[in-house]
Structures are given as C-alpha cells and as structure tokens.
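Working notes, structure below.
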Amino acid sequence: MSDKFINDAGHGGTDPGACANGIKEKEYSLEAALYVNKRLNEHGITSGLTRSGDETLDSGPRTKRVRDSKAEFGMSHHFNAGGGSGAEFIHSIFSDGEFTKLLAEEFKKAGYPVRRTFSRQGNNGKDYYFMHRETGRCNMMIVEYDFVDGPNADKLKDKAYRHGMYECVVKAVCRHEGVKYYPVKPQASKPKPNTKPEKVWYDVVIGGFNQHEIDGAFAATKKAFPHWHMEKRKQ
C-alpha cells in the first residue's frame, strides 16, 4: 500500500541550500520533513520521506523517489533566501492551489508571516520548478518557511518557533483530509529526586559478645550517625 503523502527535505549532503546567520537550509528542511512526517503518521495519515538523513540527492533520484512512492500529495520543505520576509507556498500550474491556501490560512492564524501563494510557469509552458514538473501524478507543494537572511532570521533559530510552523502544515493536511487534528502531547515531567534521608536498618548479630558490649557498640554507632534511623532488632 502506498503512502498518501510524501515529505521531501530539500537539498542535503554536499548541497547545503541557503546559508546565512549560522543557518544551513539542508538541516532545517530535514527537520521539517521528519517532523511533519511523524505527526501525519500519528494522525493516521500515511506519510513517507524522500530522505531521512544528510544525503546528497540530485533532482533525478529525488523526483524518482516521489514517483516510486505513488503518493497522492507531497510537500517539498525549504527555507528561503534573498532578504525577504514570510512563508511562501508554491503549487503546480496544473493545481487549483486550494491546498496552498489552507497552508497560508493556518500560518496566518498562528501569527506567522505569509508572503504569498503562487505557481510559476516556465518558457516551455510547463512548470518552472522540477518538483512540480518531474514528480508524475503526485500533487506537490513547495513550502518555503521563511528567509534565512531576512528580518525573521533570529526567530528561525528558535526550535519552538520552527516547530510551530511545522505544526501549521500538519493542521492544513488534517483539514484537507477531513481528519480530526490532535495537538502535540506535552512531555511528562521527570519525577523529582527523593531528598529525604534513607532509613538504615542494622541487625545486631550476637556471637561471642555479651549484651553489654552489644548495647555499647549500638549506642556509639547511633551517636556517630544521628541522622540515621536505627533500630536494634531482637535475635
């Protein structure tokens, strides 16, 4: 059975993608693809990946993996460059663009800046972007989360800020699929260590000692360690 969605992490390996302000696009795009893939599967929406690690993946092998997945829908995750601001959502010239509208709506509702949704046609009348042009029947969307060299670059360095954007994508997919959305479950807090002193019990073994000597040894030990709870057990 094929997955319903395919998540493509843009760039990777020897291709770092856009780099600025200490950000490498290939790392964030992989983070986005892994996050969305995991969350969709948690919602019962079958989803796969074109790459799950820092792998060099040229356009030919990348688009072949999308075609081989036989997924109906897909998202290619990217971070932009060029000094702009806000997310961009790009659909095929042969798509109605409804899914990218859902993405933009969810980003806006969560307070994230949105620049535009659009499609682009090449001089040959086909899609300009190869992820639209060469992925077969899969309805691919390109998600450009924001600009690594723009005014929001410092915000992008905050993992919680990025995760919030990825969660917007999950919400849009749930709406598209008619699936009830479930927020991320909060992580259980670690139990606090027990700081109370342990009760230490000692057995007094009678063997070659008279009771007076035993009582003296017990009293000396208790005086040396007054914070210990001690009880002399009857033999």
Contacts of H91 meeting side-chain contact (heavy atoms from CB on, under 4.5 Å) (sequence neighbours excluded), chain-then-number -> S95, T100, S119

Tell me, please, which residues at least two apart from Y161 pass ring-ring contact (aromatic ring centres under 6.0 Å, His included). Y112

Check L103 against A172 and note the closest heavy-atom contact, atom names and distance. CD2-CB, 3.7 Å

Min side-chain heavy-atom separation E134-K64 under 4.5 Å: no

Under the side-chain hydrogen bond (donor to acceptor under 3.5 Å, both in side chains) test, which residues partner S69, sequence neighbours left out? none

Taking all heavy atoms of V148 and all of N21, pick out the closest pair and write down the distance. O-ND2, 2.8 Å

Can a donor-acceptor pair be found, under 3.5 Å and without considering hydrogens, that links the side chain of D127 to the backbone of I93? yes

State whether the side chain of E25 and the backbone N or O of A18 hold a donor-acceptor pair below 3.5 Å, judged by distance alone. yes

Tell me, which pairs form a salt bridge (Lys or Arg N to Asp or Glu O under 4.0 Å) where one or both residues lie in residues 27-54, sequence neighbours left out? K26-D54, E31-R162, K38-E42, R39-E42, R39-E167

Who pairs with F147 by ring-ring contact (aromatic ring centres under 6.0 Å, His included), at least two apart in sequence or on another chain? none

Under the rule for ring-ring contact (aromatic ring centres under 6.0 Å, His included), what residues qualify as partners of H11, not counting sequence neighbours? H78

State which residues pass ring-ring contact (aromatic ring centres under 6.0 Å, His included) with F73; sequence neighbours excluded, sorted by chain then number. F5, H176

Return the set of residues passing salt bridge (charged side-chain N to carboxylate O under 4.0 Å, His left out) with R116 (not counting sequence neighbours), or none when no residue passes. E88

Tell me, please, which residues at least two apart from E177 pass side-chain hydrogen bond (donor to acceptor under 3.5 Å, both in side chains). K4

Go through the structure and list residues passing side-chain hydrogen bond (donor to acceptor under 3.5 Å, both in side chains) with T14, not counting sequence neighbours. T56

Please name all residues satisfying side-chain hydrogen bond (donor to acceptor under 3.5 Å, both in side chains) with N139, sequence neighbours left out, ordered by chain then number. none

Check: F89 ring centre within less than 6.0 Å of F118 ring centre: no

Assess the residue pair S47 and N41 against the criterion (side-chain hydrogen bond (donor to acceptor under 3.5 Å, both in side chains)); give the C-alpha distance rounded to whole Å, side-chain angles, the decisive distance to 0.1 Å, and a yes or no. CA-CA 6 Å; S47 176; N41 281 299; 4.6 Å; no

Test log, rule side-chain hydrogen bond (donor to acceptor under 3.5 Å, both in side chains), inputs H77 and D8: CA-CA 6 Å; H77 302 268; D8 170 55; over 6 Å; no

Run through the side-chain heavy atoms of Ile, Leu, Val, Met, Phe, Trp and Tyr, join any pair under 4.5 Å, and report what else lands in Y182's cluster. none

Within the distance-only criterion (no hydrogens, no angle test), does the side chain of H132 pair as donor or acceptor with the backbone N or O of I90 below 3.5 angstrom? yes

